[in-house]
Amino acid sequence: MADTPTTTSPGSGLEGRALACRRGRRLLFEGVDIQLKPGSITWLRGTNGSGKTSLMRILAGLSTPEAGELLWNGRPVREAGAAAREAVLYIGHANALKDDLTLGESLAFLGRLGGVQDASERAAAALEQAELADRRAAAVRTLSQGQRRRGALARLALDERARTWILDEPYDALDAQSTARLSALLLAHAARGGAVLLTSHQVVELAGAVEYDLETRRVQNARRGRVTV
């Protein structure tokens, strides 16, 4: 399949230029150019240890690259400030739910941190959408791993801002129904102008997704909208 450029028009969305990452004495990657354009879904591909999670954390502003720079709408992230930080939502392997709070309280807390208005009400609606309304008042520590994952992913339904979602293994611990629900949520987000970067170990249907191979620095269209990570 024909390759497409790693970047398109400048000044749109979150972009990394010439990014490099080092862990101890090991250089995980260098020279990475990647742009997460509004309306795009990008599957990040690479073998274990190639630096996928490290790249995601750099793009989310949680780690500092060895070299290179991050841009938001064509401006360095450091200059864009709070606008750039609030435009990105990162969900990693850890669910970030507080064990001592109820699921509803924990989700509302994360919403407030992300600048969501009426966080408690929106958290209740998001849990209803995730079919977790009956667990809203349950302490997070009492939830199964699948319920915790679904609760963490309910953050994606807290508001409809066209932000950049960076999702590390979002399909882990989900059943078939929850997997389909998440895929629909990602597609809807892209349709309203949001961007998605994800990695996963499942085959999922995501029409229009592209694949970025971290090791070859190549981008290609996902075959028939199916991505296998």
Side-chain angles (χ1 to χ4, degrees), residues 1-77 84 87-93 163-172 174 179 182-183 186-187 189-190 193-229:
M1 188 170 294
D3 293 336
T4 57
T6 55
T7 62
T8 56
S9 59
S12 181
L14 181 64
E15 182 179 359
R17 292 184 181 175
L19 295 176
C21 178
R22 183 180 297 276
R23 287 292 176 267
R25 296 183 178 180
R26 182 186 174 202
L27 186 66
L28 293 182
F29 56 78
E30 61 181 338
V32 169
D33 296 319
I34 185 169
Q35 186 176 26
L36 306 179
K37 301 177 296 179
S40 68
I41 298 177
T42 304
W43 159 49
L44 181 60
R45 179 180 178 181
T47 57
N48 289 340
S50 61
K52 296 188 300 295
T53 293
S54 295
L55 175 59
M56 287 181 144
R57 289 182 60 82
I58 288 172
L59 291 169
L62 299 174
S63 297
T64 302
E66 173 80 2
E69 66 175 341
L70 292 179
L71 303 177
W72 174 252
N73 288 339
R75 298 177 57 199
V77 166
V88 176
L89 172 60
Y90 172 79
I91 299 180
H93 292 283
R163 298 198 285 174
T164 297
W165 291 352
I166 299 178
L167 311 175
D168 197 354
E169 306 288 351
Y171 290 94
D172 273 9
L174 298 185
T179 293
L182 174 58
S183 293
L186 301 186
L187 290 169
H189 184 63
V196 179
L197 177 69
L198 67 96
T199 186
S200 175
H201 284 97
Q202 296 191 33
V203 178
V204 294
E205 296 282 352
L206 292 171
V210 298
E211 302 173 358
Y212 180 85
D213 192 310
L214 182 54
E215 292 163 284
T216 65
R217 316 292 192 269
R218 300 172 73 181
V219 177
Q220 66 180 16
N221 294 327
R223 183 173 299 179
R224 294 185 301 277
R226 296 174 65 89
V227 292
T228 309
V229 192

- Take L71 and R17 through the side chain to side chain contact (heavy atoms under 4.5 Å, CB included) test and state the conclusion after the steps. CA-CA 8 Å; L71 303 177; R17 292 184 181 175; 3.1 Å; yes

- Query: Mind checking whether Y171 and S183 have side chains closer than 4.5 Å, heavy atoms only?
  - Reply: yes

- Message: I want to check something: taking the side chain as every heavy atom from C-beta on, are Y90 and M56 in contact at a cut-off of under 4.5 Å?
- Response: yes

- Task: Please identify each residue that fulfils side-chain hydrogen bond (donor to acceptor under 3.5 Å, both in side chains) with T53, with sequence neighbours left out.
- Result: D168

- In this structure, CD1 of I58 is separated from CD1 of I34 (nearest 0.5 Å) by 11.0 Å

- Atom CZ in R75, atom CG in L70: separation rounded to 0.5 Å? 14.0 Å

- Task: Please report the shortest heavy-atom distance between G51 and F29, naming the atom on each side.
- Result: O-CE2, 3.5 Å

- Nearest-0.5 Å distance, OH of residue Y212 to OG of residue S40: 13.5 Å

- Query: What is the minimum heavy-atom distance between R163 and H189, and which atoms define it?
  - Reply: O-NE2, 2.7 Å

- Quick one: SG on C21 to CD on E30, what's the gap to the nearest 0.5 Å? 11.5 Å

- Task: Search all heavy atoms of R26 against all heavy atoms of G49 and return the closest pair with its distance.
- Result: NH2-O, 3.0 Å

- Check K52 against R45 and note the closest heavy-atom contact, atom names and distance. CD-C, 3.8 Å

- Message: side chain to side chain contact (heavy atoms under 4.5 Å, CB included), that's the test. Do T164 and W72 meet it? Break it down for me.
- Response: CA-CA 10 Å; T164 297; W72 174 252; 3.7 Å; yes

- Would you mind reporting whether V196 and T42 have side-chain heavy atoms less than 4.5 Å apart? no

- Query: Taking atom types as modelled, is there a side-chain donor on E169 or H201 under 3.5 Å from an acceptor on the other?
  - Reply: yes

- Message: When you compare the side chain of E215 with that of S50, does any pair of heavy atoms fall below 4.5 Å?
- Response: yes

- Applying side chain to side chain contact (heavy atoms under 4.5 Å, CB included), run through V32 and R217 and close with a yes or a no. CA-CA 7 Å; V32 169; R217 316 292 192 269; 3.5 Å; yes

- Query: When rounded to the nearest 0.5 angstrom, what distance separates CD in E69 from CG in L19?
  - Reply: 8.5 Å

- side chain to side chain contact (heavy atoms under 4.5 Å, CB included) with I41: which of L36, L198, L197? L198

- Item | Smallest separation among heavy atoms of V77 and A84, with atom names | CG1-CB, 4.0 Å

- Take V210 and Q220 through the side chain to side chain contact (heavy atoms under 4.5 Å, CB included) test and state the conclusion after the steps. CA-CA 6 Å; V210 298; Q220 66 180 16; over 6 Å; no

- Message: For a 4.5 angstrom cut-off between non-hydrogen side-chain atoms, does Q35 reach L14?
- Response: no

- CD of Q202 to CG of L174: how many Å apart, nearest 0.5 Å? 7.0 Å

- Do the side chains of L44 and D213 get nearer than 4.5 Å, heavy atoms only? no

- Query: Does some side-chain heavy atom of L214 sit less than 4.5 Å from a side-chain heavy atom of L55?
  - Reply: yes

- Query: Does a side-chain heavy-atom distance below 4.5 Å link L167 with L186?
  - Reply: yes

- Is a side-chain donor or acceptor of E15 paired with a backbone partner of N73 at a separation under 3.5 angstrom? no

